[in-house]
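Note sheet for the following structure.
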2 protein chains.
Amino acid sequence: MHENQWLRLRQMRDSLLYLPGLFYSHAMGEPADHLKSIADLARLAGVSVSTVSRALTGKGALNKGTRARIQALADQHGFRMNVAAQNLRLGRTGAIAVLLPIGPERSRQLSDPFFVTMLGYLADALTDRGYDLLLSRVVPQGEEWLDAFIRSRRADGIIVVGQSTQSRALDRAAAHYRPMVVWGAGSTDNVHVTVGTDNVTGGALAARHLMERGRRRLAYFGAVSVPEFAARHRGFLDALPDDLRNGVDLVPTAMTPDQSFRAAADYFAAGHRPDGVFAASDVVAMSIMAAAAEHGLRVPQDMAVVGFDDIMLARFAHPPLTTIRQDIEAGARALVDLLVRRIEGQEALTVQIAPELVVRESS
Amino acid sequence: MHENQWLRLRQMRDSLLYLPGLFYSHAMGEPADHLKSIADLARLAGVSVSTVSRALTGKGALNKGTRARIQALADQHGFRMNVAAQNLRLGRTGAIAVLLPIGPERSRQLSDPFFVTMLGYLADALTDRGYDLLLSRVVPQGEEWLDAFIRSRRADGIIVVGQSTQSRALDRAAAHYRPMVVWGAGSTDNVHVTVGTDNVTGGALAARHLMERGRRRLAYFGAVSVPEFAARHRGFLDALPDDLRNGVDLVPTAMTPDQSFRAAADYFAAGHRPDGVFAASDVVAMSIMAAAAEHGLRVPQDMAVVGFDDIMLARFAHPPLTTIRQDIEAGARALVDLLVRRIEGQEALTVQIAPELVVRESS
DNA sequence: CTGTTAGCGCGTTCAT
DNA sequence: ATGAACGCGCTAACAG
């Protein structure tokens with residue numbers, strides 16, 4: 001047949017261009033195919049490219065029979081459309097960028113399990129919506145990094161996980177770029193749209209719990225220059241009666257295990273002996289407990305400890321950690337919902353998620 | 001001037017199409033621009049698109065003056081080329097896919113800090129090479145998932161982090177797809193190219209260390225159906241004298257905190273009292289220590305514990321964890337080096353990285 | 001219901 | 001040194 005002759009010709013030409021063996025899988029005797037475009041498939045099926053396009057996308061009217069035939073042919077040859085070309089044509093990228101600003105409050109290695117967990121749920125939620133997840137760690141420099149990224153148009157939208165110390169840069173970008181949502185502390189001052197735990201309430205939960213436990217000499221460990229953590233501190237203080245509030249030690253520290261361990265060790269070495277501690281994250285809480293053990297402090301007898309996040313390891317800390325739980329899965333879903341809505345041009349405003357006290361044996 | 005008139009016309013048209021304010025950032029008085037393609041920039045500069053292309057890519061011969069002029073114009077308007085279109089034209093995607101097979105041995109939430117750390121270093125290494133990082137969690141189903149992903153051509157190469165139980169699927173794909181590297185256990189049986197710690201040596205280090213500590217009643221905790229962890233177990237056993245080897249308890253468990261905690265709790269509840277334990281990961285080791293504490297076992301007096309990975313939290317475990325350190329950063333760089341080499345068509349074979357014993361107070 | 005045509009934004013011959 | 005023209009692989013009018 002005419003078609004077949006043409007096909008053989010093509011194969012011969014291809015075999016001159018490509019090394020044999022590279023494009024043929026011998027595993028399971030299944031041939032890898034050379035159909036590189038819908039044009040190839042169209043010729044094979046004896047139809048036009050637009051027909052193939054309609055068949056494969058399911059858009060537009062098409063005869064049931066031809067659609068099925070082309071589908072079958074595609075499956076049989078393992079053909080998949082070139083997503084990049086499709087996206088170019090549709091004026092999109094099909095990807096959402098997840099940016100992790102590496103600020104002073106988290107370690108360079110992203111060692112915080114909270115991030116990973118969030119990343120996992122984001123990956124799921126984005127995949128459900130048909131988006132790819134473009135991961136980018138950014139070391140914020142100057143005020144241009146975000147705008148530069150936006151202008152490169154490598155993604156249809158941006159999810160920033162953690163405000164870090166970049167609220168200004170975020171606001172600046174949000175002023176003219178809509179498809180962006182940020183995980184962090186909401187504020188009426190923010191131009192950028194956030195999803196986040198109600199950190200103030202979370203801090204209050206910790207304060208009330210420690211008071212119920214009869215603790216009076218209190219301390220807060222954590223970052224203070226990052227809105228998210230500052231809000232936890234503020235909520236903690238605000239929930240205390242005046243006489244206690246003024247006596248709360250503020251121990252500022254970066255949120256990495258080693259830095260917070262050092263901060264705690266120094267703090268205890270200086271002779272401080274609080275009987276109740278609120279840590280801005282579980283990782284910090286666990287480091288504090290390690291430092292406490294080295295100084296002979298018993299948890300919870302001598303000192304109660306409350307963390308924040310409820311990372312999976314918290315249950316298996318020594319002792320198991322009392323903490324303020326963040327619903328990370330709900331957060332991830334809210335981030336994606338909001339972002340998609342903004343991409344579609346709808347209004348979508350800041351969302352807060354309720355925290356929950358989880359009592360274990362450290363308090 | 002002619003040029004200016006045209007420009008004003010364009011702006012007027014645009015202002016009819018777009019809401020004012022959306023495309024103009026009032027922050028810092030800097031106008032957001034409408035230059036959407038090099039064609040726009042070409043008109044503005046009074047040159048052809050190919051000239052702009054040459055100016056911006058730096059490829060091809062071009063007058064120093066015009067190149068500088070176009071560059072300046074681009075900077076001034078904050079213009080960046082459309083990377084997607086560029087990639088389509090160049091027949092590439094500019095992205096590397098990092099696939100995390102969610103097998104039975106790691107939790108659904110990617111909670112293992114090892115993964116995150118690896119991800120961070122991979123992001124750095126890929127960014128250095130100019131690649132985007134496309135993150136994808138895959139739940140392996142059937143034998144087709146990997147081939148299907150490959151055929152979608154969404155990435156120029158693939159890094160699979162963790163063989164999980166998918167060695168067959170990996171081999172199957174590697175038979176006809178070259179730009180793929182896998183983090184995991186190397187083996188002469190593998191068709192796929194791996195980078196990984198020398199797990200056998202790692203297991204042997206743990207065995208010899210426990211013997212030096214005088215421990216004789218030994219146990220191994222971890223997955224056994226995953227090559228990576230199976231190799232640790234094998235290396236552990238092989239380094240022991242015959243009389244000890246046969247007495248080693250094998251406690252199979254998924255590598256999540258909760259599952260390994262349960263396995264350890266059950267094991268201790270059944271009355272087993274090893275004096276030396278080798279855990280296939282630090283997370284498992286920490287769960288074992290938590291379970292041991294609940295059963296009144298003291299670490300290291302009653303039972304020495306050795307982990308694997310040296311995650312950042314290991315230093316702050318209670319007690320600080322002795323472990324077999326993996327050089328994750330070196331691993332990530334090796335993965336990327338190998339992958340890039342294979343993309344460029346060079347031969348590049350499996351790499352092993354030496355593990356290192358880190359002695360702390362749990363042994 | 002299907003084919004033809006004209007781009008999406010860029011690189012790259014081939015002219016000039 | 002620069003421009004015109006074509007094509008990467010796909011979608012979406014517009015015809016028929």
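Everything numeric in this text was worked out from a predicted model, so none of it was measured. Residue numbers start from 1 in every chain, and the chains themselves are labelled A, B, ... in the order their sequence lines are given, proteins ahead of strands.
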Mind grabbing the angle between the end helix axes of the helix from C/dC1-D/dG16 to C/dT16-D/dA1? Five pairs an end, 10° rounding. 40°
Please report, rounded to the nearest Å, how far the P atom of C/dT2 is from the NZ atom of A/Lys64. 12 Å
Separation between CZ (A/Arg54) and CD1 (A/Ile38), nearest 0.5 Å, reads 10.5 Å
Before accepting this row, confirm whether a basic side-chain N of the pair A/Arg172/A/Glu144 lies closer than 4.0 Å to the acidic partner's carboxylate O. yes
For A/Thr51 and A/Ser48, which I'm curious about, is there any donor-acceptor pair between the side chains at under 3.5 Å? yes
The nucleotide from C/dT2, D/dA1, C/dC10 with an atom nearest the side chain of B/Asn63 is D/dA1
At less than 4.0 Å, is any side-chain N or O atom of B/Thr51 found next to OP1 or OP2 of D/dA1? Yes or no. no
Taking atom C1' of D/dC10 as reference, at what distance in whole Å does atom CZ of A/Arg92 sit? 11 Å
I'd like to know if B/Glu344 pairs up with B/Arg178 as an ion pair, taking the criterion as any Lys NZ or Arg NE/NH1/NH2 lying under 4.0 Å from an Asp or Glu carboxylate oxygen. no
Establish, with yes or no, whether the OP1 or OP2 oxygen of C/dT2 is under 4.0 angstrom from a side-chain nitrogen or oxygen of A/Thr66. yes
Report the residue (A/Ser48 or A/Leu88) whose heavy-atom-nearest nucleotide on DNA chain C is the more 5′ of the two. A/Ser48
Whole Å only: how far is the CZ atom of A/Arg153 from the P atom of C/dC8? 13 Å
Side chain of B/Val47, heavy atoms from C-beta onward: which of C/dC1, D/dC8, D/dG3 has the nearest atom to it? D/dG3
Whole angstroms only, please: what is the CZ-P distance between B/Arg43 and C/dC10? 12 Å
Report yes or no: do A/Asn82 and B/Arg153 form a side-chain donor-acceptor pair below 3.5 Å? no
What is the distance from atom CD1 of B/Ile343 to atom OH of B/Tyr131, rounded to the nearest 0.5 Å? 4.0 Å
Which whole-number value in Å describes the distance from A/Asn87 CG to C/dG7 C1'? 16 Å
Interatomic distance, A/Asn82 CG vs C/dC8 P [rounded to whole Å]: 18 Å
Taking only residues two or more places apart in sequence, or in another chain, which ones meet A/Asp171 in a side chain to side chain contact (heavy atoms under 4.5 Å, CB included)? A/Asn190, A/Val191, A/His192
Measuring from A/Thr194:OG1 to A/Trp183:CH2, what's the distance to the nearest 0.5 Å? 9.5 Å
Grab the CZ-C1' distance between B/Arg80 and C/dC10 for me, whole Å please. 15 Å
Whole-Å distance separating the CG atom of B/Leu62 from the C1' atom of C/dT12: 14 Å
Hey, is CZ on A/Arg168 packed in by over 12 heavy atoms from elsewhere, all under 6.0 Å? no
Which letters describe nucleotides 11-16 of chain D, given B = protein heavy atom under 4.0 Å from base, S = only from sugar-phosphate, - = neither? BBB---
